[in-house]
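Data first, discussion second: the structure below is written as structure tokens.
Lettering follows sequence order; numbering is per chain, from 1. Everything quoted here is computed from the prediction, not taken from an experiment.
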2 protein chains.
Amino acid sequence: MAGHSGAPGRSVTSRALGLLDAFDSATPRLSLSEIAERSGTPLATAHRLLGELAGWGALTRRADGRYEIGRKLWDLGLLAPVQMELRQVAAPFLQDLHNTIRDTVHLAVREGLQALYVERVSGRESVPMVSQVGSRLPLHATGVGKVLLAAAPTDVVERALRSLTRQTRHTLVDPGRMRRELAEVRRRRYARTSEEMSAGAASLAVPVQLERSNGPLVVAALGIVVPPHRRDLPRLVPVLEVAARGIGRELTRTRDFR
Amino acid sequence: MAGHSGAPGRSVTSRALGLLDAFDSATPRLSLSEIAERSGTPLATAHRLLGELAGWGALTRRADGRYEIGRKLWDLGLLAPVQMELRQVAAPFLQDLHNTIRDTVHLAVREGLQALYVERVSGRESVPMVSQVGSRLPLHATGVGKVLLAAAPTDVVERALRSLTRQTRHTLVDPGRMRRELAEVRRRRYARTSEEMSAGAASLAVPVQLERSNGPLVVAALGIVVPPHRRDLPRLVPVLEVAARGIGRELTRTRDFR
DNA sequence: CTCAGCTTTCCACTGGCCGGGAGGAGTGCA
DNA sequence: TGCACTCCTCCCGGCCAGTGGAAAGCTGAG
């Protein structure tokens, strides 16, 4: 009386992949039973599938029996376009920028209603830091986020305005004000925040544009994070712009060969 | 007369994962039929499985129909221990090092008989560069490789000595000489190369050690790449050592909490 | 128009997947 | 030392999800 019975319509493959969903940055190491529970898979099944994943190299089994993401997935991840096209081109520019201005520099793209941080160069001391390569933060409370939102299609903007979550007491949560703020960002071609995401941190960001025959396209945002009391931010805008244009130009060149 | 017949013993999961093996840094974008051929999977089967992989987010389908690695795999890859433990700890040190000495700095671990580059900070100009985050180079022809090999178990050393492939006319390919070279590396606690991997590039590397109750353990190598004519390399050794010890200390601290 | 090369869909057949449950290994407590 | 508990590994018969050859779309070139 064994046989098939598990949730119908779920393919083997989707189950196996579902197991990987159990891993996230908060819990990068999991035991068999944790994975089984998180993914709603019977223990025996999870055990078998995890064995296959580990055999291929998607996961590694540690000495204590827990599983973690394997080197093969790391390798494959490096081939993702986020990584390849953008990061590789941008890295030296972020580098230079960081050498010049000494503050934390980062590059983000829009993913839905969030800013996805794809590259970062940070000083050692610096300000309290929330972002990290791979992390996602709300568009409305970060410098890079505002830049990306200002360039996003109308429906994205509308959805974003409907979900202005408060992060600190300085976060802009009024749709009207945010709308004006975005117009301002488009006009000035840069965005600022001051303790809107986390206390003790201000930021400045500019768009990175790809030149196309039918006009420019914002593909990313380049930003810096600084202590909020610094009053010389406007002075840094041109520096950011130079780097952003450099990245944009390089991207336009390499993008052609496709 | 259709039904099952494909190579028996191959599980669905392993087939699906096998499709991912078709992707590598030389070919990060592939069409359905390319993937099917590379992986030896019948077209119809590949099509179905790729659909599932894309549905989950492991792959993305581009407008032109070709597949590429998806954002989900990128995310998961960032959770791999190579990335997490080592890279995160080491990044600021590499940063400082690069600010001080201006040359390309990188960090590698041993993977079998190869040096796997896990992190890199490079100048813009610099020397012709082969290594890149995620790339693998032979142990015997690179600075970091020699350091890692010098610390490797005997059987690894023996296997490596049996496969000293020539990369340039300066590559050490004589097992006897290499054996002496490794002894020297252990004694001096740093390694050098001069155009042994690629013409126009010399390197210098030191070990990164984890302190354990039963003695130190070499977990990585920290190296720089410079033009071969520079004669002040020995002067840089202490600088590298300071950074390497910093990384090692930090690793030892965080490793404790496991 | 035809043709070639690719992708997508169809569908009858069957062997690989399923998972409850037994047994093993490791750990904490008395 | 024995017992209770948790976590992992393995087994095995029933059956449905996966299989892949073939044929039908879909381009774009000539």
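At D:dG20, one or more side-chain N or O atoms of B:Arg15 fall inside 4.0 Å of OP1 or OP2 (strictly under the cut-off). Between B:Arg48 and D:dT19 there is a side-chain N or O to OP1 or OP2 distance below 4.0 Å. Contact between the side-chain N/O atoms of B:Arg10 and the OP1/OP2 oxygens of D:dG20 is not found at any separation under 4.0 Å. A close approach under 4.0 Å does occur between a side-chain nitrogen or oxygen of B:Thr45 and OP1 or OP2 of D:dG20. OP1 or OP2 of D:dA17 has not a single side-chain nitrogen or oxygen of A:Ser11 nearer than 4.0 Å. Residue A:His47 has no polar side-chain atom (N or O) positioned under 4.0 Å from OP1 or OP2 of D:dC8.
For the side chain to side chain contact (heavy atoms under 4.5 Å, CB included) with A:Pro207, the qualifying choice from A:Val147, A:Val144, A:Val219 is A:Val147, the only one to do so.
In terms of position along DNA chain D, the nucleotide closest to A:Leu43 lies nearer the 5' end than the nucleotide closest to the other residue of the pair A:Val12 and A:Leu43. Taking for each of A:Ser33 and B:Thr41 the nucleotide of DNA chain D with the nearest heavy atom, the 5'-most of the two is the partner of A:Ser33.
The backbone N or O of A:Thr41 sits nowhere less than 3.5 Å from a side-chain atom of A:Thr45 that would complete a donor-acceptor pair.
Atom CG in A:Leu30 sits about 11 Å away from atom P in D:dC8, given to the nearest Å. Note: CD1 (A:Ile35) to C1' (D:dT9) measures 15 Å, nearest angstrom. Protein atom CD of B:Glu34 is 8 Å distant from nucleotide atom P of C:dT7, rounded to whole Å. For the pair B:Asp64 CG and D:dT27 P, the interatomic distance rounds to 13 Å; values are reported in whole Å. The CG atom of B:Leu32 sits 7 Å away from the P atom of C:dT8 (whole-angstrom rounding). Here D:dC8 presents its P atom at 15 Å from CG of A:Leu49, a figure rounded to the nearest Å. Atom CD of B:Glu37 and atom C1' of C:dC6 are 13 Å apart (whole Å). We find that CD of B:Glu52 is positioned 10 Å from C1' of D:dA17, with the value rounded to whole Å.
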Between A:Arg29 and B:Glu85, does the salt bridge (charged side-chain N to carboxylate O under 4.0 Å, His left out) criterion hold? Intermediate values first, please.
CA-CA 12 Å; A:Arg29 283 193 269 275; B:Glu85 305 208 335; 3.4 Å; yes
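Of the listed nucleotides (D:dC8, C:dG21, C:dT8), C:dG21 has the atom at the smallest distance from the side chain of A:Ala44.
How far CZ of B:Arg212 is from CG of B:Leu217: 4.5 Å, rounded to the nearest 0.5 Å. Once rounded to the nearest 0.5 Å, the distance linking CG of B:Leu43 with CZ of B:Arg48 reads 11.5 Å.
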